[in-house]
Protein chains: 2
Amino acid sequence: MGTTKQITEKIGILLRDSKLSVTETRVKILELFMKSDGALEHSDFEKLAGKSFDRVTVYRTLQTFLEKGIIHKIPTTDTSVRYAVCKSECTEHHHHDHHVHFKCETCGNTTCLDETDVPNIQLPKGYAMHNVEVVVNGVCKSCK
Amino acid sequence: MGTTKQITEKIGILLRDSKLSVTETRVKILELFMKSDGALEHSDFEKLAGKSFDRVTVYRTLQTFLEKGIIHKIPTTDTSVRYAVCKSECTEHHHHDHHVHFKCETCGNTTCLDETDVPNIQLPKGYAMHNVEVVVNGVCKSCK
DNA sequence: TGTAATTTTGCAACAACGTTGCAAATAAAT
DNA sequence: ATTTATTTGCAACGTTGTTGCAAAATTACA
């Protein structure tokens, strides 16, 4: 994963590539994403990171990252919204969200199973498919 | 689908089977579910149905139906929570949510594709699978 | 490097959503 | 028909998400 300095450098490049100003908030939020192995939700950012961010800034930052294709949302069955960093192939205009998400019922973490393919689904006649979201619920490796 | 009277009768049986009192609110909410072909969210109930229900009652009713296995939740990527009636095989203790949900990007409706099977997914070693949720985004038959 | 232009942030105020306790109303049991 | 148990609606509250605007930080450029 690299040293903290390397991560910071990587984040700077990522932001500049997306034509975004490099600000403390954005760097800190991206650091959290990179250091966390699971998906994060809004409330995670207000608490964590030593410094507590303003709620509004967090909302706006996540919204910006979404629009630039830096992060993506993960479906949930409650009112929370979960985000994870996109793989490198994701860009502002082209998303590769076709991977499986795993939600552990024990630790509550949601992770992206990048290696696991989303299988082909045969829809009834007349339906056009754009995107498939798969969330598997169960028990993860660490909790077993 | 049957006449209104038949539906009301069916709902009475369903409620009594679940050991729930047959009240006006519960009947009206179940009627809405049966008459709608798509999934419904909380706000749909406050407005619709001529009579407007109290917010709290709707929350509590949906919660009760969930616990009894009468309805199930559908994953979304926003803060809304969508519900749909369960198929007959669902009970309080055993759920068959293994079907595909389809969200139309044009009309916004979410429907259950009961006939469409959820394909097998090969998880990495060490993961235990309990339940798979699939949501397909695209354009539905009616909007094409 | 210093200054102007642009972008981002934080605050305040607000709107929407969801929860809890309790008394009144309704349904079930006898 | 009366008692018992359940459900409902209200009030009050906490949380979550949004918008406008002035202050602060970042970028662009001389």
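Naming convention: chains lettered A, B, ... in sequence-line order (proteins, then strands); numbering from 1 in each chain.
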Spacing of B:Lys28 atom NZ relative to C:dA27 atom C1', expressed in whole Å: 16 Å
Euclidean distance, atom CG of residue A:Asp54 to atom C1' of D:dT18 [Å, nearest integer]: 12 Å
Nucleotide D:dA5, atom C1' - distance to NZ of B:Lys19 in whole Å: 16 Å
Which protein N or O atoms sit under 3.5 Å from an N or O of nucleotides 11-17 of chain D?
residue	atom	partner	partner atom	Å
D:dG17	OP2	A:Tyr59	OH	2.6
D:dG17	O5'	A:Tyr59	OH	3.0
D:dG17	N7	A:Arg55	NH1	2.8
D:dG17	N7	A:Arg55	NH2	3.1
D:dG17	O6	A:Arg55	NH2	3.0

Interatomic distance, A:Arg60 atom CZ to A:Arg26 atom CZ [nearest 0.5 angstrom]: 11.0 Å
Gap separating the CG atom of B:Asn109 from the CG atom of B:Leu40, nearest 0.5 angstrom: 9.0 Å
Side-chain N,O (A:Thr23) to OP1/OP2 (C:dT9) below 4.0 Å: yes
Nucleotide C:dA29, atom C1' - distance to CZ of B:Arg16 in whole Å: 14 Å
4.5 Å side-chain heavy-atom contact, A:Cys140 and A:Cys107: yes
N/O (side chain, B:Thr57) to phosphate O (OP1/OP2, D:dT7) under 4.0 Å: no
Nearest-0.5 Å distance that lies between atom CD1 in A:Ile29 and atom CD in A:Glu24: 11.0 Å
Closest to the B:Arg26 side chain, choosing from C:dA27, D:dT8, D:dT27: D:dT8
Closest-nucleotide ordering on DNA chain C, the 5'-leading residue of B:Ser21 and B:Arg60: B:Arg60
Side chain to side chain donor-acceptor pair (under 3.5 Å) contacts in which one or both residues fall within residues 113-126 of chain B, not counting sequence neighbours: none
Helical bend (five base pairs per end, nearest 10°) for the helix from C:dT1-D:dA30 to C:dT30-D:dA1: 40°
Phosphate OP1/OP2 of D:dT8 contacted by B:Thr25 side-chain N/O (<4.0 Å): yes
Ring geometry between A:His42 and A:Tyr59 (parallel below 30°, tilted from 30 to 60°, perpendicular above 60°): parallel
